[in-house]
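In what follows, a structure is listed as structure tokens, so that the remarks can point back to it.
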Amino acid sequence: MKKHNFSAGPCILPQEVLQQAANAVINFDDLNLSLIEISHRSKNFVSVIEKARALALEHLGLTNKGYSALFLHGGASTEFLMTPYNLMNVNNGKAAYINTGTWAKKAIQEAQLFGETRIIASSEEKNYSYIPKNYHIPNDIDYLHYTSNNTIAGTQMKSFPKHDGITVCDMSSDIFSRQLDFSQFDLIYAGAQKNMGPSGTTLVIVKNDILGKTGRKIPSMLDYQLHIAKDSMFNTPSVFPIYVSMLTLQWLKDLGGIPAIEKINNAKAKLLYNEIDRNPLFKGTTAVEDRSVMNATFTLTNEKLTTAFDSAWEKAGISGLKGHRSVGGYRASMYNAMPLESVEVLVDVMQQFEKVS
Ligand SMILES: *Cc1c(COP(=O)(O)O)cnc(C)c1O
């Protein structure tokens, strides 16, 4: 029996996508060749990447709105430095960052190599357990950067600050999970392995007209404009992760797109958070209003029960529930591909555990 996979990333993918991907590794498009042994310039693969790029923009409502979709290498971590490379002025560069988690902080550290990096709000002093509100965004900055969903702490921005200038969002762990006006962002990036595909490719959605304005010389591989000009094929792309991402985006479309998955995601999160709040053996680790729909973090109220609880969920076929070492406790990641049924199994384990403890 397949396990109930609550892994934070790389994480669960739709079972039918895994099956299609497995088939393509042996015989892709009835070519009697594997997907991973043909040229990335072959018409079969070009149509895969073109479809993946088009589906990404379509889901976000950004088709024909001056945006490009790219599938790049190096994970979201490389976007931490590509952002300032492409957007921070070479003279007196300034950017503003909101420090809401481990990943936000890593993005800040990279930007500091390029120019003045102002942390305009932070929740670090409370171990990132809430989303800061009521901060001031300066208007003399080249761009504003924030993280929509904090994968490790388990918090999520429910609304976004108003900013007329360039706005950058690390959406690695909640892209395609909820309806938003995506045109409020000028640059969105997301490592595939949280909500879209396997690790090894990063989706970048960039508004074309924000680029080429910094006066900075940019190495080819880090230059968004060059990747756009080369249709995301400047060098050999990650063919397998892009193929699986395309299948997942098609799966999402067949399901009814973001509006349909958002309903399911909300139902899963509600079910689990209700149990965390009801059951005296558990407590949530984040501010209630900032709770992530994707990653629910919680602890046992009595740590002495850890071994017993761990064996209870393992016996129920649950995998990947351990919290990140910086938070402790548990983290249930409920990405798009996780069925409601898996969350029901977890909630049932928590209820049974209350009865026997
Ligand atoms: C996982 C994650 C990253 C880092 O992604 P890599 O692809 O491993 O570089 C960055 N930001 C967020 C929000 C993440 O969840």
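Hydrogens, waters and symmetry mates are skipped; everything else that's a heavy atom, side chains included, is used. Just follow the structure's listing: the first ligand is 1, and inside any ligand the first atom is 1. All of these numbers come straight from a predicted model, not from anything done at the bench.
Tyr67 and Leu87 are not part of a single hydrophobic cluster, where members link through side-chain heavy atoms under 4.5 Å apart.
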N/O contact list for ligand 1, threshold under 3.5 Å:
residue: ligand 1; atom: 7 (O); partner: Ala76; partner atom: N; Å: 3.0
residue: ligand 1; atom: 7 (O); partner: Gln193; partner atom: NE2; Å: 2.9
residue: ligand 1; atom: 8 (O); partner: Gln193; partner atom: NE2; Å: 3.3
residue: ligand 1; atom: 9 (O); partner: Ala76; partner atom: N; Å: 3.2
residue: ligand 1; atom: 9 (O); partner: Ser77; partner atom: N; Å: 2.8
residue: ligand 1; atom: 9 (O); partner: Ser77; partner atom: OG; Å: 2.6
residue: ligand 1; atom: 11 (N); partner: Asp170; partner atom: OD2; Å: 2.6
residue: ligand 1; atom: 15 (O); partner: Thr151; partner atom: OG1; Å: 2.4
residue: ligand 1; atom: 15 (O); partner: Lys194; partner atom: NZ; Å: 2.7

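If you look at Phe45 and Phe28, their ring centroids are not closer than 6.0 Å. For Phe309 and Phe282, the gap between ring centers is short of 6.0 Å. Annotation: Phe185 is in aromatic contact with Phe160 [ring centroid separation under 6.0 Å]. For an aromatic pair to be called close, the ring centres must be under 6.0 Å apart, and His145 with Tyr97 satisfies this.
Among residue pairs with one or both ends in residues 102-131, those qualifying as ring-ring contact (aromatic ring centres under 6.0 Å, His included) are Tyr85-Phe114; sequence neighbours excluded.
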